[in-house]
Structures are given as structure tokens and as C-alpha cells.
Amino acid sequence: MNNIIEVKNLSFAYDSDEPDKKALENVSLSIREGEFVGIVGHNGSGKSTLAKMFNGLLLPTQGDVFVMGMNTKDEDSLIDVRRTVGMVFQNPDNQMVATIVEEDVAFGVENLGVEQSKIRGVVEDALRAVDMFEFKGQKPHQLSGGQKQRIAIAGIIAMKPKCIVFDESTAMLDPVGRSEVLSQMHKLNKEDGVTIIFITHYMEELIDADRIIIMNDGSYYKEGTPVEIFSDTDELKKLRLNVPETVELADGLRKAGMNISHNVLTKEDLVEAICQLK
Amino acid sequence: MSEMTIGQYYPADSFVHKLDPRTKIMLTLLYILFIFMVKSVVGYAVAFLFLVMAIMFSKIPVKYIIKGLKPVAFIVTLTIVINILWTKGGNLLFSIGFIKVYAEGVVVAAKMGVRLMLLVSTTSIMTLSTSTIDLTDGMEMLMRKVPFLKNSAHDISMMMSIALRFIPTLQEETDRIMKAQKSRGADFDSGNIVQKAKAMLPILVPLFVSAFQRAGELAMAMEARCYRGGEGRTKMKVLKYTKRDAVAYVIGFLFFAVMVGSGYIGLPF
């Protein structure tokens, strides 16, 4: 698989007067096309700063970020970078531009200068993809948090990006909204082959990810499959990351001498594993 | 908070609703312009008739229009009082101390009051019958025709639509902050005007802080969605004039002609 995003020796300081106060330090990593990658880290680990590097919202102080071979520092290709890598933010209220749902979904498509006759079809397809078609004439502030976030996702898919970055997009939602958004991400990833980068601090949301990257104090810490990452719960706690309840329980049982595999991540797996115990 | 009429759309299926927003904006502007050129009582009657017709063809309940007049009631009253007291001419009707009221003053004040009320009511019909998106789209298209506004037409309409978009969000926020401050013992309801104004400070400061934060985030989200101003941008909905608009323009101009013209043909009123 090709790399869709490549980060090379990236360092970044928010304040150019204090170049030593780095939000990111010498980060190198790559995201493959079609992957579902989770990026985790505690508050201030630089994960959101890193997310904003992926589509040129922030530019590296040192090092480079390449999106499909295009350098994000190159102003001429900035629009192409942003239509390749879409982004859904944390607060659903603060990313809605228009007063009507369908107008908001159309916003990005209009910015790209898509022919007028084609816009409506694209917008309606995007709304259907997130199961929000019947809400197209509504006002955003009448919708629930999860619904608003799905509208934001529709606004991004209408632009047909190859990759979507979710910057803590579930953090402000209730459990129902969170699972709506999460299943939407997986659907996009599986059915349409969209690369998903999910920045979060809820570890349990990454159980089904292909790969998890851990950030710590502005640096790349380590990466692995969920099974690999969750196998060392003590290390996760040391990094101030919350361990999913089931993983923690499985770990406790293991420490108490029970034979439970490290592959156990979900509640169903755990029930199965416990039933198998003799 | 829910009493605000301007920028509040009253959905209905009517002739006025279906008009192109540009037509509505232009006719409203012209109406405002011509109402200040009306000289005769007949002219005022015709202007009033225009308003009645507009209300009838918009299917907007009269109570909404009256509600829209409430916020300007103070200004109208003030204008009437000032005109009564300051205009001198005609017969002296009565005087109390230094206050002298002349017949001319009463007439001028009445005209001014009627003008203002007609003006506000007509504007209300426009805003009630046009969704905010159509309104800002219409303004953008019209501003493009004005030489010195041409280049900033898109920016102005984008700013207006974002402002309108955030009104309900900021209302919710104000509500939340007020409750939070009340739960800490803040008192917004008692005391004189100065004390009440001071009590607003703990609401306004957090409100502004959060508004700036929201603005920053929104700007970033817009950039992430490839926004780069009006250049190279297309629109999903494009405004189109129809026969209906031609009819509205013709009727409008007929009314305006009679409104202004009636003052020059030597009518007794």
C-alpha cells in the first residue's frame, strides 16, 4: 500500500519567539492508504497539533509533511492537499457555516468551484451516506450533537477526500452520538476505502483500529496494533492514558493467574474467554 | 430572547415568499426612499394600502408585524415628541410654561410617526418572508452591482450569514452563563439601571471570550474545507428572476408613482 501522508522529522513551535518551546519534536511517521489509524496521547501530547499538520492548517517549523507527495508548505498545492485530507473537528457547533443543513454540506463543494448543476446531487449523496437525508432542510441548532457531527462528516465526504482526520470528534458527544460517529468512521473506511486518522483520548474507541500511534510530550512514542498496544496496561497508565475497562479486567484476571489471551479487547471476547476457563 | 423578529423567518407558501430576494430587497429600499417623499394624505393612504397588500399576499399574521414594531416603539415615540415640541408654525394650540404646541408640529409629528411605522412594518415583511440564506444571497448579488461594494460583496454577505448563524448558538450560551452565574449567587433583577448594567459584566466577559474562541475554530474549519473567499466559488442555489418578480416590480412602481405623484397634482389633502 502507498503512503498517503508522510511526516518527516517534523518539529513545531507555536510561538516563533520561543522556538525551544516545542509542541512537536522530531516526529516521523507515515499513514498508509486505506488504513484506520488511531493517534492517542494525554492532554498536551501534541496530538491535535499533529492533526492540523496533515492538511496544512499548521506548517512545520522544521521538517516536512507530504500528502500524496505534495509538500504542505507549497502554497500552490494547498487546496489539493486540503481536498485530499478532510478534517472533522471537536465542537460540532463551531464548524457549521450555514443556517440550513444542506447549505452547510454544500459549503466545501462550493469552495472547490464544482459546477452548479452537480452540487445538489453530491450534497444529497453525502447526506444519504450519513443517514441524515431527511434533515436536509433543518436548522443545525435543532439537531443533537451526534447528528450535527454527522452533518459535519457529510460536509467533508461531499468533497470526496481520500483521507479524513477526526480531531477528537467524539469528545463532546454523549455515548449515543459517540457510537453513531464511530460507526460512521468504520463504514467510510470499510465501504469506501477512505483512510481514517482518529485523534482521541478514549482508548476504547480504538479497539477496532488497524494501528495505534502513541504520542507523548510532543514526540512520537510508539505504535502497534490494538492487541500489541493494550498488552502492556502498566505502560499505558504511566503515559496517563485510560485503559478500556475490559482490557483492564482481562489484565487483572491474567495477573491473578487466569489464562486469558492478550487478544481479548472487547466485552464479547472477554465473556467468551471467561466461559472457556476451566 | 425569543422575541426578536428581524432575521426570523416565518415559513409560508405565498406570493411574497416566492419572490426573488433581490426583488424584495429592492422594493423595500425604494419604499423607504419614497415614503420620505410623500407629501399628501392620499400618498400616505396609498403607502398604507401597499403595506396591507404586502401583508395579505405574504400570508404573514398581522401580530408578527406588530411584534416587529415593539422594539422601535420607543424611537417612534421619541421622534413624535421631538417633532411636536420643536416645530413652530400654524396656530398655537396650547402652551404649558415654555412648552408651546403648534398645529404644524402635530401634523409633522404624525407624518413622521406614520412614516417610521410603515417603514419598519415593510422591512419586517421582507425579513419574515425571506430565509436568511436567501436574504444574504440577494444582498450579495445586489452589492455586486454597486461599483464600490463589488469587491467586498462576498465577504460582507459571508459575515452577515455567519453572524445570523451564530445568533441562536450565542443565545444558548448566554442562557447557560446566566444560569451558571445565578447558581453562584449573581443577581440580575434587582437594583437600579447602573447596578443592573454592572451585573451584566460577568455575563458579557465569558460570552466574548467564548465568541472569540468559536470564531477561531470556525475560521480553521472553513479553511480546512478549502475556503478562500469568493473567488472561484460556485453556488448550489442560484437566484433566478421569474415572471412573478416582474409583476411585483410593476405593482410596486405603480404604487410608488401614486404615493409621490399625489403630492404634486393639487389634491386638497
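Keep in mind that the numbers below use all heavy atoms, side chains included, and drop hydrogens, waters and symmetry copies. Letters go in sequence order (proteins before strands), and every chain restarts at 1.
If you measure heavy-atom distances from A:Asp80 to chain B, you find no contacts under 4.5 Å at all. Proximity to chain B (any heavy atom under 4.5 Å) is restricted, for A:Val123, to the side chain, taken from C-beta onward. With a 4.5 Å cut-off on non-hydrogen atoms, A:Ile156 touches chain B through its side chain but not through its backbone. Proximity to chain B (any heavy atom under 4.5 Å) is shown, for A:Phe107, by both the backbone and the side chain.
Distance alone, capped at 3.5 Å, is enough to place a donor-acceptor pair between the B:Thr234 side chain and the A:Val114 backbone.
Of all the listed residues (A:Met159, A:Glu103, A:Glu115), the one sharing the greatest number of non-hydrogen pairs under 4.5 Å with chain B is A:Glu103. Of the listed residues (A:Gly113, A:Ser117, A:Gly155, A:Pro161), the greatest number of heavy-atom pairs within a distance under 4.5 Å of chain B belongs to A:Gly113. For the options B:Pro168, B:Ala215, B:Gly216, heavy-atom pairs under 4.5 Å to chain A are most numerous at B:Pro168. When A:Ala152, A:Gly56, A:Ala98 are compared by the number of non-hydrogen pairs under 4.5 Å with chain B, A:Ala98 comes out ahead. Between chain A and the residues B:Glu223, B:Arg214, B:Arg233, the largest count of heavy-atom pairs under 4.5 Å involves B:Arg233. With respect to chain B, the highest number of heavy-atom pairs below 4.5 Å among A:Glu102, A:Arg83, A:Lys118 belongs to A:Glu102.
Of all heavy-atom pairs between B:Ala221 and A:Phe89, the closest is CA-CE1, 3.5 Å. The nearest pair of heavy atoms linking B:Leu218 to A:Val97 is CD1-CG2, 4.4 Å.
In this structure, A:Asp93 and B:Arg165 have side chains that are in contact, with non-hydrogen atoms separated by less than 4.5 Å. B:Arg228 has its side chain out of reach of A:Asn111: every pair of non-hydrogen atoms, C-beta onward, lies at least 4.5 Å apart. Looking only at side-chain heavy atoms (C-beta outward), B:Met220 and A:Met87 stay at 4.5 Å or farther from each other. For the pair A:Arg82/B:Arg225, no side-chain contact is recorded, criterion being any heavy-atom separation below 4.5 Å from C-beta on.
In this structure, A:Glu134 places its CD atom where more than 12 heavy-atom neighbours from other residues, nucleotides or ligands lie under 6.0 Å away. Within a 6.0 Å sphere centred on NZ of B:Lys237, other residues, nucleotides and ligands contribute more than 12 heavy atoms. Taking a 6.0 Å sphere around NZ of B:Lys150, one finds it holds 12 or fewer heavy atoms contributed by other residues, nucleotides or ligands.
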